[in-house]
S.K.: 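Shown below is the structure under consideration.
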Number of protein chains: 2
Amino acid sequence: MKPDPVKMDAEPERRPATAYEVAELAGVSQSAVSRVFTPGASVSAAMREKVQDAAQQLGYRPNLVARSLITRRSSLIGVAVPGTANPFYQAALDALSTSFARIGYRVLLFTSDPLAGSDPILEEVLRYRVDALVLISTSLSSHFADECLQQGLPVVMLNRKTDGDSVPSVAGDNRRGAKELAAFLLAGKHRRFAYVAGLEHSSTNRDREAGFLEGLAERKIRHVERVVGNYSAGDTELVVRKLLSSTTPPDAIFCANDYMALVAINLARAEFQLNVGTDVSIVGFDDIEMARWPIFGLTTYSQPVKVMVQRVVQVVQRQLSAAVVPAVQHIVDGELIVRGSARVPQTGVVRSADQWTWHSRKHRGISR
Amino acid sequence: MKPDPVKMDAEPERRPATAYEVAELAGVSQSAVSRVFTPGASVSAAMREKVQDAAQQLGYRPNLVARSLITRRSSLIGVAVPGTANPFYQAALDALSTSFARIGYRVLLFTSDPLAGSDPILEEVLRYRVDALVLISTSLSSHFADECLQQGLPVVMLNRKTDGDSVPSVAGDNRRGAKELAAFLLAGKHRRFAYVAGLEHSSTNRDREAGFLEGLAERKIRHVERVVGNYSAGDTELVVRKLLSSTTPPDAIFCANDYMALVAINLARAEFQLNVGTDVSIVGFDDIEMARWPIFGLTTYSQPVKVMVQRVVQVVQRQLSAAVVPAVQHIVDGELIVRGSARVPQTGVVRSADQWTWHSRKHRGISR
DNA sequence: TTGAAAGCGCTAACAC
DNA sequence: GTGTTAGCGCTTTCAA
C-alpha cells in the first residue's frame, strides 16, 4: 500500500513515463537518461544510480518505437507462416522465435494463406519497418523480392525456394531425400507406387516429386499413380481414400510431407483395416515429432528444423551486416529414418544414434 | 528495364522513401501525402492521384513506426505462447493472428517458457508499446498485472486465469467439463480412476482436477491415482507407463488435456497392446483436430478455439475503447464429445451436428 | 562524463 | 481542401 511517490491524483497514470520525466525527477538531462539505458554508453556510477532510481519510481521503460524511428532498426523480424495445422510449421515458428530472441529480435507474425499469394500481407509488413523477413513455406513474387532487395531488406525463405536465385533460402535436401525414399521402397520390393503431392506450385513439392520419380526411373519404374493432397488434411483424406479403394491399390505411397502421411496412415488403418508396413507402405518427409510416436512409426526423410532455423538466423545476420550478400540456396542434409510404416529392405539399414536409418548403395559409406 | 526516375546513382536506393520525398516529387506539401494515406481524410481526387503517382514511383510506404510514435498506438498485439508442441497452441495462435489481422492488428510473438515465469519477457513487450497483451496458457504475476492495469494496457488471458480477478480471461468450462467426464466414465461403469495432471500451478489443471474429483466424489469415489504429465509428451509417457505397468492398472484415465491423452493412447496401444476403449478408457480435454482422427478417436470435452479467440478479441476491443472495464472471467461452453477411446454408457449419448455428445442426467434437456 | 540542440518520419491542430 | 507548424520520445552529434 505504498503511496504513489510522484503524484496522488485520483486518475490513474494513463501513459507510460518518458525519459524526460525521469530526467526531471532525477535532476539530470534527458540525454543522460538515454545513456543509462543504452548498453555501452559512458555514464558515471552516480549518474546511473540516480537515473535508475527515478526510472524505477516512475516505472519507466524506454520506448522502442521512438528508438526505432531514429536508429532505423526495429529489432523486429517479420515471419510469414501458413495457416494450417501442419506441426512442422509450429516447430519452425517456435525455433525461429526462440533463436531470434536470443540475439535480440522479436517475431512479428503474419499468417499467410497457403493458397493465395502473400504479397498483400507482406506489403503490410514493410510498413512496420521490420529488419528482415522470413518466409516459412511461403512463396514470394519476384517483383516483391526485387523491391525488398532494393530497399536493402533481408529476406530468407525457409522450406521453400524461389524460381530464380534472387532470394536466399534454406531447405532440406528434397530431391535427394525423395530419391532415397524411392530407392528404399524399391529395395523393399514394392511394385505399385503412388505419390501424394503437396501444393502444386511449391518448390518443395516439385523437388520431392522430381526426386521420387527420378529414383524410380533408375529402376525403370515409370508408372506412378499421382494424386494431390495440397498439404491439407481434408484433401489428403479424400485422395488417399480414392487410392486405397482402387481395384489395384498401390503397395507403396509416398506423401510429400509427414502431415499428409499421418493422415494416410490413419485412413489406411481405421477405414481400410490395413496393416501399415505390411499390407501397404506409407512414407513421408519432414520427420515431425509425431512421426516417431509408436502409433505412427512413420518412415520418413528428416528435415532438422533446429539446424535449418539456425541457418536462417545466420543468413539473416549476414545480410544485416554485409552490404551485399549472394543469395545462396542452402540445403540442409537429412536422413532416411526407418520406422515401421514401410516394409524394410534386407540390407542397408544401420543404427544411428538412437534410431535406424537407411542409405542407398550409392550413398553408403560416404563419410561426412 | 525502366530507369530510376529520380536518380541514376550506381548505389541502390538504400533507405525507404519518406513522405517528404513524395511531397517534393508531387509538388505538394508533406501533410497532403499524409492525408492521402490516412483513411477518411479529406483530399481532392486530383491531389490523391498526384500523390499516389509519386508514391508509386518512389515505392513509398508509410512508416508505421513514425505513425505509432505520434498516435501512441502501434496496432501490435503482444501474444505470449508456450513453447511446446501441443497443437492447441498452434490453433489458438493461428486464430488469434487471423482474427486480429481482420481488425487491423498484427501479432508480436513471444515464446514463453511454460515452466519459468513470463515476467521478464513481458517486460520486453511493453517496450514495444503493444496495444494489448494476450497470454495463451501463460501465467502472470499479479505485480505485473497491476503495472499493466496502471499503464492502461489491456491484458487478456486465454485458457488460463489469475488467482485474483484483476485480469480478464477467456477459458473453457474446465470444472464442468471435467465433472461431466467423470460422470461419463462413472456411467460407463469404470472402477479404477487415474488422473494425469498438467502443470501443477496452472489454473486449467487445478480446475479440471477439481471438477473431476468432484464428479467422482458424487458417487463416493475417493481414490484416484494421480500422476503428473506437466502437459509435456515426455513426462506423460513416463507416468502413463508407470500407471499401466501397475498390477492393478486403472480402467479409466483422464488426461488434463488432449495432447497428453494422445500420448497416452499411443503408449497403451503400441507398448501395452491394449485396446483403448475396451481394455482401458482414456479421455482428454480440448478437442484438438487430431482428437477426431479415426486412429485416435478421442473422447474429450471440447474447447471451441475459434469462439474463445473471438471472445478474446472482443474483450481486447472493449478495453481499448472504454476507460475502465471490469475484469470478467469469461467461460466458453464446451461439450462432451463421444468417440471411441472410452467405453460408452448405455444412456445419455445423443447425436449433435455430425458427432456424438453426452450429457449427464443433471444437464440433459437444458436448453440453450 | 554531461547537457544542449537537432532531428528520425509522421500526425494533428490550426490557419488560410 | 491544403499548407504551416508543432511536436511524439528518443538517439546522436557537438560543445562544454
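No hydrogens, no waters, no symmetry mates; every other heavy atom, side chains included, goes into these values. Just so it is clear: chains get the letters A, B, ... in the order the sequence lines come, proteins before strands, and each one is counted from 1.
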S.K.: Counting only distance, no hydrogens or angles, is the base of D:dT4 paired donor-acceptor with the side chain of B:Ser31 under 3.5 Å?
M.R.: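 Between D:dT4 and B:Ser31, which were checked side chain against base, a qualifying N/O pair under 3.5 Å is present.
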
S.K.: Between A:Arg15 and D:dC8, does any side-chain N or O lie under 4.0 Å from OP1 or OP2?
M.R.: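 Result: no.
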
S.K.: Choose from D:dG3, C:dT2, C:dC10 the nucleotide whose nearest atom is closest to any side-chain atom of B:Ser29.
M.R.: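 Looking only at side-chain atoms, B:Ser29 lies closest to D:dG3.
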
S.K.: If you only use heavy atoms from C-beta on, which nucleotide in C:dC8, D:dT11, C:dG3 is closest to the side chain of A:Thr38?
M.R.: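 My answer, after comparing the listed nucleotides, is D:dT11.
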
S.K.: For D:dT11, does either OP1 or OP2 sit under 4.0 Å from a side-chain N or O belonging to A:Thr71?
M.R.: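 Result: no.
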
S.K.: Check the phosphate of C:dG9 against A:Tyr128, side-chain N and O only, distance under 4.0 Å to OP1 or OP2. Yes or no?
M.R.: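 So the side-chain polar atoms of A:Tyr128 never come under 4.0 Å of the phosphate oxygens OP1 or OP2 of C:dG9.
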
S.K.: Considering every strand and a 4.0 Å limit on heavy-atom distances, what is the contact class for A:Arg35: base, sugar-phosphate, or nothing?
M.R.: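 Base contact - A:Arg35 has a heavy atom under 4.0 Å of at least one base atom.
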
S.K.: Report the C-alpha distance between B:Glu147 and A:Arg61 in whole Å, list the side-chain angles of each, state the deciding distance to 0.1 Å, and finish with yes or no for salt bridge (Lys or Arg N to Asp or Glu O under 4.0 Å).
M.R.: CA-CA 12 Å; B:Glu147 207 157 343; A:Arg61 268 174 273 271; 2.7 Å; yes

S.K.: Could you tell me whether the side chain of B:Arg129 has a donor or acceptor atom within less than 3.5 Å of a complementary atom in the base of D:dG9?
M.R.: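 Flag unset: no donor-acceptor pair detected.
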
S.K.: Between A:Leu96 and A:Leu158, is there a side-chain heavy-atom distance shorter than 4.5 Å?
M.R.: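 Yes, side chains in contact.
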
S.K.: Are B:Val36 and B:Val22 side-chain neighbours, meaning at least one heavy-atom pair lies under 4.5 Å?
M.R.: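 Of all side-chain heavy-atom pairs linking B:Val22 with B:Val36, none is under 4.5 Å.
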
S.K.: Can you find a side chain N or O atom of B:Ser34 that sits less than 4.0 Å from OP1 or OP2 on C:dC10?
M.R.: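 For B:Ser34, the contact criterion (side-chain N or O under 4.0 Å from OP1 or OP2 of C:dC10) is not met.
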
S.K.: If you define the side chain from C-beta out and look only at heavy atoms, does anything of A:Tyr128 sit under 4.5 Å from A:Ser74?
M.R.: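 They are not in contact (no side-chain heavy atoms under 4.5 Å apart), so the answer is no.
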
S.K.: Between C:dT11, D:dG3, C:dA5, which nucleotide has the shortest distance from any of its atoms to the side chain of B:Ala32?
M.R.: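 For B:Ala32, the side-chain atoms sit closest to D:dG3.
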
